[in-house]
> 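The structure is given below, and queries will be raised subsequently.
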Amino acid sequence: MSEKITENDLILQRKTKLAELRSEGNAYPNDFRRDSLSEALHAQYGEFDNETFEANPKHVSVAGRIMLQRIMGKASFITLQDMDGQIQAYLRSNDLPEGQYENFKTWDLGDIAGISGKLFKTKTGELTIHADSVRLLTKSLRPLPEKHAGLVDTEQRYRKRYLDLLTNEDSLKVFKLRSQIIGEIRSFFGEQDYLEVETPMMHSVLGGAAAKPFTTHHNALDMDLYLRIAPELYLKRLVVGGLEKVFEINRNFRNEGLSTKHNPEFTMLEYYTAYADFEDQMIFIESLFKSVTERVLGSSVVETNDHKYDFSKPFKRLTLIGAVAEKLSVKEEDLRKREVLESLAKKSHLEDYKDLSEGRLLFELFEAEVEESLDQPTFITGYPKEISPLSRISDDDPDFVDRFELFIGGKEIANGFSELNDPEDQADRFKAQVEQKASGDEEAMEYDADYVEALEYGLPPCAGVGIGIDRLVMLLTGAPSIRDVLLFPQLKSKD
RNA sequence: GGGCCGUUAGCUCAGUCGGUAGAGCAGUUCGCUUUUAACGAAUUGGUCCUGCGUUCGAGUCGCAGACGGCCCA
């Protein structure tokens, strides 16, 4: 937390300048108002020539951070950066009020300034503000990273994201895109009459997913609570309550390892649709992905690095057992035999495979051997009942449930199923989870009696889906690590 | 948890065989009224991640640790 604050000459020089500013009045004014943003000016006036500007002068005020400066005696150019982009200003000693140019010469890269003046084009045709007034709005006490390379050190980019955003345009782009993606998802659901809700982040009963939780304590209630691992059971209570189309975009917390695909807190979209099943949801996801990519990227074809995904086409569909059979070159019917599963599990170095049920063995084989190879969008269906305690039993086979997971680029992107709305079956499944927990499965759920009671009032037939937003953003931006799409990824404290 | 790689000036990076720690940018000073990574000249700036060890001598070699990255389970 308290990384040692390093004082060096560069900072001391700037502090001396700040002291001078303080002695002249308020060093942190907040009465400058801009009327223009940089990119908007380029868009509106980029094609103008100086004749046009002379006939029809445009006076503008902009504000931003000084990123570059070119000082030539009694005239200078500076590059100002705002939320929109960058614009150049031309400061000429003779054209500024008494003393302003001399003050400007004491400013540093990274200082925040307000500039007013008329637009013109330089010799080389660059749109520039010919300043008639300049003001220092905020003194920067620390030097910015190197002006061309930007901030490169990965650790510093994560710990001091503000410097990364200021100096690395690509990084800023990723987070702008992330915001647009989430915005378009909201629009898509809104257009289809889904209601957006927020459900509790602090749960007294653990459920909704197989994961290890974070625990916390409420002092006034003297009660231990879990940070939620999933919002599922609350959202389905809302479906019982008549919110037949409902969604939530919010954080989940899982107390597990970190990797390029995992951060302890991550953003999940979950939605539920009454009178729909998992097959309907697969089609819905296809249209969601097509729509979001078209609206955000302008095309349903996403090309990043050496991968290409066309979201205008229906996704591939495979069964879990079929995918494992194909990958390991075994017959599907053999994958129903315990001895075959065990020998494959041994070959795949699965831990404690002798203690696992057949369904879990199959699932873990899939995770170990198949998942990573599913590059093109693929729905996997046919999940075993025992690893899906909230899913509806398949009408075709009582050992399996009506569930799918979506894989793209070797990563799990979505998980959905027809919901189990039989309260007696749900009670039995919770009991099985409690037994698994008792026998050492830290990821098993707890018995949620209140949820079973809600089901007893009647949950309409429905289906729900969870989509990992961070992984979706990785996919659409080509980011190789989840840390590149999280503004402040979890890192170890340096103390 | 294991393996590999990295950590040197504010930033980006060099650093030979173990022998006085370097460059570019930024900063400071001077010059320069259309520059664009502005330019020219001079110049300041170091806990070489931390600790211990080997050695006459360690940024460099060894051991332990911290943090980060990638890969594996």
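Proteins come first, then strands; the chains are lettered A, B, ... in the order of their sequence lines, and each starts at number 1.
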> Nearest-Å distance, CD (A:E146) to P (B:rC13)?
9 Å
> Going by purine N1 to pyrimidine N3 plus the second Watson-Crick contact, or the G-U wobble pair, all under 3.5 Å, which nucleotide sits opposite B:rG19?
B:rC56
> Do A:K58 and A:K118 come within less than 4.5 Å of each other through their side chains, counting heavy atoms only?
no
> Classify the angle between the aromatic ring planes of A:F278 and A:F404 as parallel (below 30°), tilted (30 to 60°) or perpendicular (above 60°).
parallel
> Does a side-chain N-to-carboxylate-O contact under 4.0 Å join A:D108 and A:K17?
yes
> Are A:F77 and A:Y90 an aromatic pair, judged by ring center distance below 6.0 Å?
yes
> Within residues 63-73 of chain A, which residues have any heavy atom lying less than 4.0 Å from an atom of RNA chain B?
A:L68, A:Q69, A:R70, A:I71, A:M72, A:G73
> Within the 4.0 Å heavy-atom criterion, would you say A:K17 contacts the bases, only the backbone, or no part of the nucleic acid?
sugar-phosphate
> Sticking with atom P, work out how far B:rG1 lies from B:rG24, rounded to a whole angstrom.
44 Å
> With the side chain of A:F120 defined as its heavy atoms from C-beta on, choose the nearest nucleotide among B:rC11, B:rC70, B:rU34.
B:rU34
> Let's test your reading of the model: under 3.5 Å, does the base of B:rU28 pair with the side chain of A:D9 as donor and acceptor?
no
> Where do A:K139 and A:Y28 come nearest, in terms of heavy atoms and distance?
O-OH, 4.3 Å
> What's the closest nucleotide to the A:R92 side chain, out of B:rA26, B:rU12, B:rU33?
B:rU33
> Which nucleotide wins on minimum distance to the side chain of A:R483, given the candidates B:rG68, B:rU12, B:rC70?
B:rC70
> Which whole-number value in Å describes the distance from A:L258 CG to B:rA73 P?
18 Å
> Please step through salt bridge (charged side-chain N to carboxylate O under 4.0 Å, His left out) for the pair A:E342 and A:K354, ending with a clear verdict.
CA-CA 7 Å; A:E342 283 200 10; A:K354 284 190 191 300; 3.5 Å; yes
> Could you check which nucleotide pairs with B:rU43 in any of the strands shown, counting Watson-Crick or G-U wobble with both distances under 3.5 Å?
B:rG27
> Could you check which nucleotide pairs with B:rA9 in any of the strands shown, counting Watson-Crick or G-U wobble with both distances under 3.5 Å?
none
> I'd like to know if A:Q88 reaches the base of B:rU35 with its side chain such that a donor and an acceptor end up less than 3.5 angstrom apart.
yes
> Quantified in whole Å, what is the C1' atom distance between nucleotide B:rG59 and nucleotide B:rG6?
14 Å
> Is the base of B:rU33 touched by the side chain of A:S93 through a donor-acceptor pair closer than 3.5 angstrom?
no
> Rounded to whole angstrom, note down the P distance from B:rU29 over to B:rG51.
36 Å
> Counting only Watson-Crick pairs (N1-N3 plus N6-O4 or O6-N4) and G-U wobbles (N1-O2, O6-N3), all under 3.5 Å, who is the partner of B:rG65?
B:rC49
> Could you let me know what B:rU34 is paired to, Watson-Crick or G-U wobble, both distances under 3.5 Å, or none if it's on its own?
none
> Are A:Y101 and A:N94 linked by a side-chain donor-acceptor pair shorter than 3.5 Å?
no
> Round to a whole Å and report the spacing from CZ of A:R142 to P of B:rG10.
11 Å
> Is any side-chain nitrogen or oxygen of A:K15 closer than 4.0 Å to OP1 or OP2 of B:rG27?
no
> Taking only N and O in the side chain of A:K147, is any of them less than 4.0 Å away from OP1 or OP2 of B:rC25?
no
> Taking only the side-chain heavy atoms of A:A75 (C-beta and beyond), determine which of B:rG10, B:rG68, B:rU33 contains the nearest atom.
B:rU33
> Let me know the distance between NE2 of A:H262 and P of B:rC72, rounded to the nearest Å.
13 Å
> Would you indicate which nucleotide in B:rC11, B:rG27, B:rU33 comes nearest to any side-chain atom of A:N94?
B:rU33
